[in-house]
Undergrad: 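Mind looking over this structure? Questions follow.
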Amino acid sequence: MGPGMLSGILPPEEVRFHVKKMAEDRGGIFIEDKVIGIDPVKKALHLQSGKQLNYDVVSFNTGSEVPAKSLFSVPRENIVPR
(Lines give C-alpha, C1' and ligand atoms only; values in the text may rest on other atoms or scores of the structure.)
Protein backbone atom coordinates (compact mmCIF):
# COMPACT_ATOMS: atom_id res chain seq x y z
CA MET A 1 0.00 0.00 0.00
CA GLY A 2 2.80 2.40 0.85
CA PRO A 3 4.36 2.11 -2.61
CA GLY A 4 0.94 2.67 -4.19
CA MET A 5 0.50 5.90 -2.25
CA LEU A 6 4.06 7.08 -2.81
CA SER A 7 3.74 6.49 -6.55
CA GLY A 8 0.47 8.43 -6.65
CA ILE A 9 -1.64 5.41 -7.66
CA LEU A 10 -3.53 5.35 -4.33
CA PRO A 11 -4.64 8.47 -2.45
CA PRO A 12 -3.66 8.57 1.28
CA GLU A 13 -7.25 7.98 2.43
CA GLU A 14 -7.24 4.56 0.70
CA VAL A 15 -4.24 3.27 2.66
CA ARG A 16 -5.46 4.17 6.15
CA PHE A 17 -7.00 1.75 8.63
CA HIS A 18 -9.67 2.62 11.19
CA VAL A 19 -7.77 0.96 14.05
CA LYS A 20 -10.32 1.80 16.75
CA LYS A 21 -13.17 0.25 14.75
CA MET A 22 -11.07 -2.81 13.90
CA ALA A 23 -10.25 -3.42 17.59
CA GLU A 24 -13.80 -2.86 18.83
CA ASP A 25 -15.38 -5.00 16.09
CA ARG A 26 -13.25 -7.89 17.36
CA GLY A 27 -14.10 -7.39 21.04
CA GLY A 28 -11.02 -5.34 21.91
CA ILE A 29 -10.73 -2.06 23.71
CA PHE A 30 -9.04 0.86 21.98
CA ILE A 31 -7.02 3.14 24.26
CA GLU A 32 -5.57 6.31 22.80
CA ASP A 33 -2.73 7.36 25.07
CA LYS A 34 1.07 7.46 25.16
CA VAL A 35 3.29 4.98 26.94
CA ILE A 36 5.82 6.85 29.07
CA GLY A 37 7.22 3.90 30.96
CA ILE A 38 7.45 0.12 30.77
CA ASP A 39 7.84 -2.24 33.72
CA PRO A 40 8.64 -5.61 32.14
CA VAL A 41 8.91 -7.33 35.54
CA LYS A 42 5.36 -6.32 36.56
CA LYS A 43 4.19 -6.48 32.92
CA ALA A 44 2.81 -2.96 33.17
CA LEU A 45 2.72 0.07 30.93
CA HIS A 46 2.66 3.51 32.49
CA LEU A 47 0.55 5.88 30.42
CA GLN A 48 0.78 9.65 30.01
CA SER A 49 -2.75 9.96 31.41
CA GLY A 50 -1.46 8.58 34.73
CA LYS A 51 -3.12 5.21 34.25
CA GLN A 52 -1.33 1.89 34.39
CA LEU A 53 -2.15 -0.85 31.91
CA ASN A 54 -1.19 -4.43 32.78
CA TYR A 55 -0.53 -6.90 29.99
CA ASP A 56 0.11 -10.57 29.32
CA VAL A 57 1.65 -9.96 25.91
CA VAL A 58 2.46 -6.60 24.37
CA SER A 59 3.40 -5.56 20.85
CA PHE A 60 4.74 -2.11 20.05
CA ASN A 61 3.63 -1.18 16.55
CA THR A 62 4.73 2.41 16.33
CA GLY A 63 3.78 2.79 12.68
CA SER A 64 5.10 5.43 10.37
CA GLU A 65 3.93 8.60 8.77
CA VAL A 66 4.67 10.11 5.40
CA PRO A 67 3.92 13.82 5.24
CA ALA A 68 1.67 13.67 2.17
CA LYS A 69 1.98 17.40 1.59
CA SER A 70 5.70 16.99 0.88
CA LEU A 71 4.96 14.37 -1.81
CA PHE A 72 2.93 16.83 -3.83
CA SER A 73 5.22 19.85 -3.47
CA VAL A 74 7.17 18.49 -6.45
CA PRO A 75 5.53 18.87 -9.86
CA ARG A 76 3.73 15.61 -10.75
CA GLU A 77 5.59 15.29 -14.06
CA ASN A 78 8.79 14.72 -12.04
CA ILE A 79 7.33 11.65 -10.28
CA VAL A 80 7.58 8.64 -12.55
CA PRO A 81 6.41 5.21 -11.27
CA ARG A 82 8.57 2.32 -12.42
Undergrad: How long is the gap from CG on Asp56 to NZ on Lys43, to the nearest 0.5 Å?
TA: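 Those atoms lie 6.0 Å apart.
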Undergrad: If every non-hydrogen atom of Pro40 is compared with every non-hydrogen atom of Ile38, which pair is closest and at what distance?
TA: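 Smallest interatomic distance, heavy atoms only, reads CD-O, 3.4 Å.
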Undergrad: Report the residues that fulfil salt bridge (charged side-chain N to carboxylate O under 4.0 Å, His left out) with Asp25, sequence neighbours left out, ordered by chain and then residue number.
TA: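 So Asp25 forms a salt bridge (charged side-chain N to carboxylate O under 4.0 Å, His left out) with Lys21.
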Undergrad: Does Phe60 share a hydrophobic cluster with Leu47, counting links as ILVMFWY side-chain heavy atoms below 4.5 Å and allowing steps through other members?
TA: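 Result: yes, single cluster for both.
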Undergrad: If I take atom CD from residue Glu24 and atom CD1 from residue Ile29, how far apart are they, to the nearest 0.5 angstrom?
TA: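 Interatomic distance, Glu24 CD to Ile29 CD1, rounded to 0.5 Å: 9.0 Å.
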Undergrad: To the nearest 0.5 Å, what is the distance between CD1 (Ile36) and NE2 (His46)?
TA: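 So the CD1 of Ile36 and the NE2 of His46 are separated by 8.5 Å.
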Undergrad: Roughly how far apart are Met22 CE and His18 NE2, rounded to 0.5 Å?
TA: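 Here the rounded value is 10.5 Å.
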Undergrad: Measuring from atom CG of Leu45 to atom CG of Asp33, what distance do you get when rounded to the nearest 0.5 angstrom?
TA: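 The CG atom of Asp33 is 10.0 Å from CG of Leu45, to the nearest 0.5 Å.
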Undergrad: Atom CZ of Arg16 and atom CD of Glu14: how far apart are they, to the nearest 0.5 Å?
TA: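 If we round to the nearest 0.5 Å, Arg16:CZ and Glu14:CD are 11.0 Å apart.
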